[in-house]
Amino acid sequence: MIGHSGQGREIVAYRIGDGAIKVVLVGDIHGEYEANTYELSKQLLAHFQAHPEEVPQGISLWILPTMNPDGLANATRWNANKVDLNRNADTDLDGCAGNDWSPDTVGLEGAYPGAGGAHPFSEPEARAVRDFLDDARIAVFYHSAAGAIYSDTCQRHLPSARLAQVLSEGTGYPVPAEGWTGYRITGEFGDYLSGQGVAAATVELTDHEDPEFERNLAGARSLLDGVGEILDAEALDAGAEPVWLETAEGGNTGVWRYAQGSFVHPIALEVIDRTAYLLDAGRILALDLAEALPPRVLLAPAQNVEQVRVLEPLDLAADGGSLLVLDRAGDVYRYEPRRDSWSVERYDRPPGDLYDHYFVAVSAGPQANYLLETTHEQVWRFAEGQRGSAWAKLAQNRDIDLSASESGTYVLARALNTPVGSLVRYPSSGRAQPVSGLAPGVTIMEPRQVLAREKAVYILDRAGRRLLVLEPDTGAARQLAQFIDRRAVDAIWADPSGATFMLAGQDSLYFYGEPDRRATIEGGPTLEGPQPHDLARLEGLADLNMPIEGASLTSRDFQMPGAPRHYRLGVHEGMDFYGHTVGVTINRSTPVRAVAAGTVIRALVDYRPLTAAQADAWQAMSRQLGYTPPDVLDGYRGRQIWIDHGDGLVSRYAHLSSIAPGIVEGTQVTKGQVIARVGNSGTPGSVNTETYDVHLHLELWIDQHFVGQFLRPIEAREWLERILR
């Protein structure tokens with residue numbers, strides 16, 4: 001049993017075979033309307049249960065007869081909530097705008113308002129199948145009755161296309177070159193899975209009556225025989241070697257497993273001599289690679305380096321025999337392992353309202369050190385003890401990471417409105433102009449990290465589920481490495497020789513090329529309780545409204561959680577909604593709406609405006625301490641409202657000009673209810689006028705941490721794009 005329907009019926013999947021490669025056949029997503037796909041799935045199940053030898057070694061065949069038991073029982077196409085389960089998946093991050101999820105859908109009979117659900121994966125059936133397919137490599141959905149086979153509607157995912165062709169060869173159903181043209185499909189499960197890197201296809205039976213068992217049995221056999229060519233399609237098309245990472249005995253990858261909570265979602269990994277340095281939850285951890293010992297904490301937020309308070313480390317780089325640590329403030333610290341000493345390499349906290357540089361990555365090159373600056377789209381160079389200056393101007397993108405080597409300086413970015421990534425190389429010497437001819441041959445999706453070595457360039461993409469190994473000069477794909485079970489990792493490191501690489505995931509280090517490295521390590525400084533960078537925790541946040549009607553998430557990274565706030569020597573804990581960055585007009589009359597239903601736990605209805613003397617005192621205090629103390633930070637929020645939504649989630653609305661009548665502590669509010677008006681209260685600009693710097697500042701907090709804390713900037717953006725709609 002993998003879950004329950006809205007009316008409590010069991011959703012059951014059956015397994016034949018015990019191999020690591022998970023292949024899933026899904027029947028009856030549209031209830032009674034496509035009941036023959038339910039009959040087909042039961043017949044296929046009976047056949048393979050009677051003939052398990054037909055499932056090749058190394059494969060697990062799973063058959064899910066119905067995804068929609070309520071629709072089957074109630075003689076409808078939809079589930080009990082009148083939602084089309086094949087329009088309820090999150091297709092917004094697959095790189096194709098044409099199939100993005102929508103609450104309203106269309107079909108042969110016309111429009112179906114609300115049939116897409118309240119939000120992606122709003123339905124229990126859709127969530128159960130999504131979670132069940134998380135480790136699947138191949139998924140086939142049976143429908144009726146177009147008499148054809150379709151892969152994803154617009155991404156053109158090569159393994160999905162090859163799967164459709166293999167199924168066609170077995171069944172005789174055609175694969176229309178133009179794809180589906182009947183009507184616009186949004187939120188479709190096959191599109192969602194293809195966007196996640198899973199080979200997915202839809203088999204449409206000829207009519208609504210005949211299960212067409214024999215021809216679909218032939219299709220299933222063709223699929224099982226063609227698993228290898230399906231999974232390797234993308235690598236082979238790029239001329240690369242497919243590498244399947246296996247941690248089981250006899251595999252190619254060793255693993256050290258640490259105590260639960262040792263590190264949750266590490267975002268940087270470096271190795272110096274025989275010590276790995278890992279960045280997780282703002283902490284720099286040292287892990288002995290010569291002996292399987294618990295991690296040691298070297299540095300954490302709120303500690304000091306030469307009287308400079310550490311805000312939150314964001315990236316690491318190895319500079320010869322020492323470690324460089326980039327703070328969100330823009331400072332860089334240097335750690336000398338042999339002397340076990342810390343120093344300030346670069347200081348970048350000039351107080352001032354207009355300073356808006358946001359450095360998101362650091363790298364140590366053979367001739368200089370480099371910083372990636374996202375506000376002004378620049379690469380900076382700096383030497384020891386110097387602040388440095390801008391060296392290269394970048395194209396407008398979402399800047400993610402950079403890495404320097406003898407081959408050049410590589411910048412990894414993502415397009416503004418899709419998850420498609422790009423890689424640009426700058427020469428290691430001379431003018432900072434992009435070098436042409438870099439062509440990976442593989443579409444980079446949801447990129448996370450780039451690592452340049454003399455003999456190879458590594459890109460971690462698909463949100464940590466894939467590692468691309470590229471030629472340094474041409475960018476041609478050399479290898480595509482993935483775990484068989486689609487396991488995601490969070491950070492990479494490669495040996496300079498290119499012989500091995502290391503991957504860091506939750507509480508685990510993986511050693512490719514060293515399969516004998518195996519250890520279970522107990523003890524050490526573990527994190528207690530829920531963590532804001534636990535992606536499983538973030539997955540549970542959904543169905544939140546934008547606080548301003550019609551607005552989108554801010555286009556500027558500097559207005560997102562985790563960005564530095566230099567004027568007060570602190571970190572931004574929320575997101576800003578300005579008229580010029582969120583797509584709608586915003587002024588003092590703009591209504592602020594509750595992102596979800598909940599209870600007001602704070603409402604400053606008796607707020608007193610900020611005075612010039614108070615503003616000067618706050619800035620002086622921040623300069624003296626080197627950070628923003630909590631009471632000063634709260635003062636900067638101005639007139640504000642806090643709403644408790646349950647399950648550890650709290651929303652905070654700041655800089656308000658007014659609070660709606662009746663909104664006081666204890667008030668129950670509904671989702672979308674107007675609770676206030678936008679203003680500028682608490683901001684330094686509010687001292688002189690009510691009209692300067694007018695915007696809404698929204699913070700989302702889970703379990704006493706702000707959403708976005710301890711994440712890469714691109715990750716915070718992608719999660720908030722999914723959470724707020």
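We number each residue from 1, following the sequence as shown.
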Hey, is [X] close enough to [Y] for a salt bridge, meaning N to O under 4.0 Å?
X      : Y      : value
Arg414 : Glu446 : no
Arg717 : Asp557 : yes
Asp356 : Arg556 : yes
Lys22  : Asp485 : no
Arg486 : Asp135 : no
Arg87  : Glu188 : no
Asp490 : Arg712 : no
Glu125 : Arg130 : no

Can you check salt bridge (charged side-chain N to carboxylate O under 4.0 Å, His left out) on Glu549 and Arg593, steps first, answer last? CA-CA 8 Å; Glu549 190 170 4; Arg593 302 175 185 273; 3.1 Å; yes
Any luck finding a side-chain donor-acceptor pair between [X] and [Y] under 3.5 Å?
X      : Y      : answer
Gln506 : Arg257 : no
Thr186 : Asp100 : no
His157 : Ser151 : no
Tyr355 : His566 : no
Trp719 : Glu721 : no
Tyr410 : Asp401 : no
Ser160 : Ser194 : yes

Students often mix this up, so state it plainly: with edges at 30° and 60°, are the rings of Tyr192 and Phe189 parallel, tilted or perpendicular? perpendicular
Would you call the rings of Trp701 and Phe706 parallel, tilted or perpendicular if under 30° counts as parallel and over 60° as perpendicular? perpendicular
Nearest atoms (heavy-atom pairs only) where [X] meets [Y]:
X      : Y      : value
Tyr258 : Leu509 : OH-CD1, 3.8 Å
Phe263 : Ser508 : CE1-N, 3.2 Å
Ser262 : Asp280 : O-OD2, 4.3 Å
Pro547 : Leu698 : CG-CD2, 3.7 Å
Ile230 : Ala199 : CG2-CB, 3.7 Å
Thr554 : Asp576 : CB-O, 3.5 Å

Where at least one partner belongs to residues 457-469, residue pairs that pass salt bridge (Lys or Arg N to Asp or Glu O under 4.0 Å), sequence neighbours excluded: Asp134-Arg465, Glu234-Arg466, Asp461-Arg466
Report the C-alpha separation of Leu372 and Thr374 in whole Å, then their side-chain angles, then the decisive distance to 0.1 Å, and conclude whether the side-chain contact (heavy atoms from CB on, under 4.5 Å) test is met. CA-CA 6 Å; Leu372 181 60; Thr374 187; 6.0 Å; no
Quick check for you: to the nearest 0.5 Å, what is the distance between [X] atom [atom1] and [Y] atom [atom2]?
X      : Y      : atom1 : atom2 : value
Tyr358 : Asp348 : OH    : CG    : 13.5 Å
Leu468 : Leu460 : CG    : CG    : 8.5 Å
Ser422 : Leu412 : OG    : CG    : 7.0 Å
Ile185 : Thr105 : CD1   : OG1   : 10.0 Å
Thr581 : Phe558 : OG1   : CZ    : 12.5 Å
Leu503 : Leu467 : CG    : CG    : 6.5 Å

Check ring pair (Phe, Tyr, Trp, His ring centres under 6.0 Å) between His265 and all other residues, then give those that pass, not counting sequence neighbours. none
Please say whether more than 12 non-hydrogen atoms of neighbouring residues, nucleotides or ligands are located less than 6.0 Å from CG in Asp131. yes
Working for salt bridge (charged side-chain N to carboxylate O under 4.0 Å, His left out), residues Arg565 and Glu573: CA-CA 10 Å; Arg565 283 299 175 266; Glu573 295 180 341; over 6 Å; no
Given the rule in the ring-ring contact (aromatic ring centres under 6.0 Å, His included) test, do His572 and His697 qualify, once you have shown the distances and angles that lead to the verdict? CA-CA 10 Å; His572 203 227; His697 173 82; 4.7 Å; yes
Apply the test salt bridge (charged side-chain N to carboxylate O under 4.0 Å, His left out) to residues Glu718 and Arg448: give CA-CA distance (whole Å), side-chain angles for both, the deciding distance (0.1 Å), then the verdict. CA-CA 11 Å; Glu718 289 181 359; Arg448 293 292 183 260; 2.7 Å; yes
